[in-house]
2 protein chains.
Amino acid sequence: MAHRRREYGQYCGLAAAMDVIGERWTLLIVRELLLGPRRYNELLEDLPGIGTNLLADRLRTLVELGVLRQRPARDGGRAMAYELTPIGERLRGPVLQLAGWGMSFLGDPQPGATMRPRWGFLAVQALIDPNKVGPVDEDYEFRVDGEVFHVAVRGGRAIAESGAAVDPAFVATTDTATFIQIGSHRLTPFEAVASGRLNLQGERDALIRCSTALGMMDASPAPVSA
Amino acid sequence: MAHRRREYGQYCGLAAAMDVIGERWTLLIVRELLLGPRRYNELLEDLPGIGTNLLADRLRTLVELGVLRQRPARDGGRAMAYELTPIGERLRGPVLQLAGWGMSFLGDPQPGATMRPRWGFLAVQALIDPNKVGPVDEDYEFRVDGEVFHVAVRGGRAIAESGAAVDPAFVATTDTATFIQIGSHRLTPFEAVASGRLNLQGERDALIRCSTALGMMDASPAPVSA
DNA sequence: CTGCATCCGCCTCGATACTG
DNA sequence: CAGTATCGAGGCGGATGCAG
């Protein structure tokens, strides 16, 4: 059964947004769909602890509100996948900004915590500072625990895409934990290389340009103490 | 009593953010504090329906996590006010983006809905598109249901501030509902003026520059049907 | 097997009453 | 004014059932 959503009753953009995506798990569902269409059971796998009824309820509500829609899954068959509508896609900016903010609160990985390479991909998108992207045309490839994605810089704009780059200026290979720790400024790329957790192959200058675009060359803001 | 917060247990920036500001009412508290320090009872007044125990609990948690802090209230006395820490202040971007997204979902004001001029102020901040701010130096003043604030454009950057402008290029006077409806593209400034709900006084060119900066000159994206 | 719906115990929420 | 204590209602999480 669909439940009646609790609403704030305020004539305000933020309150309206929270009425739509403010419930528990909702924004994490959007996060997964920002990486492409996803089937019900895949989402269930991506979000340990959600409970099948809640996922079904959230998906139904988001479809009703026009944030998501269903379409035939790519792998053929009669299976359906959920994907973002244009309205849902417009959540990319807010979600990435929130992710960037939240990375300050990431401590060391806890034993029980789930970790996925997918989230490293999102972390890269969140870290890209459009104002710091240089006027070059080149690609940077990342291999995180077996998943591959890249950042393509074209005409001063950087876009993160899944899959390998065609002719990457460098290739960075690492694991999810190290990757996210670098993104959250808890670890410098230098330290990660020194400890053998990060492998870099390619042009040195491109590495510096990429680090700058990702905000890794600033004086590191002290991580938040929990 | 402080309650034990439910957490997602995912090593991901967004999940970490939601662990901090994902509970009900939390982001609306941040919204109020984005407009300056605020006392306990003021927040209670700003957020009808929150319940005093929840507010106390949220404030305590946010202070513990370093998002808020307490300081002596401006009006003297031994009263305390809550304000954002630098970490909390970094939520401005994400919150404004979410507010901009949520405005698409605002229908006509419902009878029971609360409306505050403060939120119109936030709507303006959310609407400013840095890429569309012209290379001029001028101020635009807004008077919404008695509250006054202005947008200051300096060197291609626009900043929204409370209070009157020194020498505004134009002054817009309206009510909260009209203001937010314009911001959510449910009403054009032209229609609002024609129906007498919006009064504009000042330079015509500045008006166009301001409308452009606030994204009012685009083809209006159709409002979302609920 | 996928894609949910149902049931149940617990915890969060919201409202009211109370205190320094 | 600034919270704390209490309690009913309901959202949440986990287990299980079930149809296509």
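Chain A is the first sequence line, chain B the second, and so forth, proteins listed ahead of strands; every chain is numbered from 1.
- OP1 and OP2 of C/dC11 both lie 4.0 Å or more from every side-chain N or O belonging to B/Arg6.
- Computed from coordinates, the B/Leu59 CG to D/dC1 P distance equals 16 Å when rounded to whole Å.
- Regarding A/Tyr8, its OH atom lies at a distance of 11 Å from the C1' atom of C/dC13, rounded to whole Å.
- With C/dC4, C/dG14, D/dT4 as the candidates, the nucleotide lying closest to the side chain of B/Asn53 is C/dG14.
- Between B/Trp119 and B/Thr176 the shortest side-chain heavy-atom distance does not fall below 4.5 Å.
- For the pair A/Glu7 CD and D/dG11 C1', the computed distance is 15 Å after rounding to whole Å.
- Of the listed nucleotides (D/dC12, C/dG14, D/dG3), C/dG14 has the atom at the smallest distance from the side chain of B/Leu54.
- Summarising the geometry, the separation between CZ on B/Arg5 and C1' on D/dC12 is reported as 17 Å, rounded to the nearest angstrom.
- Rounding to whole angstrom units, CD1 of residue A/Ile29 and P of C/dC4 are separated by 12 Å.
- Here the side chains of B/Met115 and B/Asp145 are not in contact, with every heavy-atom distance at 4.5 Å or above.
- With D/dA2, C/dG3, C/dC13 as the choices, the nucleotide that has an atom nearest any side-chain atom of B/Glu23 turns out to be C/dC13.
- Checking the phosphate oxygens (OP1, OP2) of D/dG13, a side-chain nitrogen or oxygen of A/Arg24 falls inside 4.0 Å.
- With the nearest nucleotide of DNA chain D identified for both B/Tyr82 and A/Arg58, B/Tyr82 has the one nearer the 5' end.
- Stacking of B/Arg24 on the aromatic ring of A/Tyr8 is recorded, both the 6.0 Å distance cut-off and the 45° axial limit being met.
- Among C/dC4, D/dG13, D/dT4, the nucleotide with an atom closest to any side-chain atom of B/Arg60 is D/dT4.
- When the P atom of D/dC1 is taken as reference, atom CZ of B/Arg38 falls 13 Å away, rounded to whole Å.
- Rounding to whole angstrom units, CG of residue B/Leu44 and P of D/dC1 are separated by 11 Å.
- The pair B/Arg58-B/Glu23 counts as a salt bridge, with a side-chain nitrogen and a carboxylate oxygen less than 4.0 angstrom apart.
- In this structure, the nucleotide among D/dG3, D/dC1, D/dG13 sitting nearest to the side chain of A/Trp25 is D/dG13.
- Going from atom CZ of A/Arg71 over to atom C1' of C/dG3 covers 19 Å, rounded to whole Å.
- Listed candidates were C/dC13, D/dC12, D/dA15. Nearest to the side chain of A/Thr52 is D/dA15.
- Residue B/Asn41 has its side chain nearest to D/dA2 when only C/dG3, D/dA2, D/dG3 are considered.
- Using cut-offs of 30° and 60° on the angle between ring planes, the pair B/Phe142 and B/Phe170 is perpendicular.
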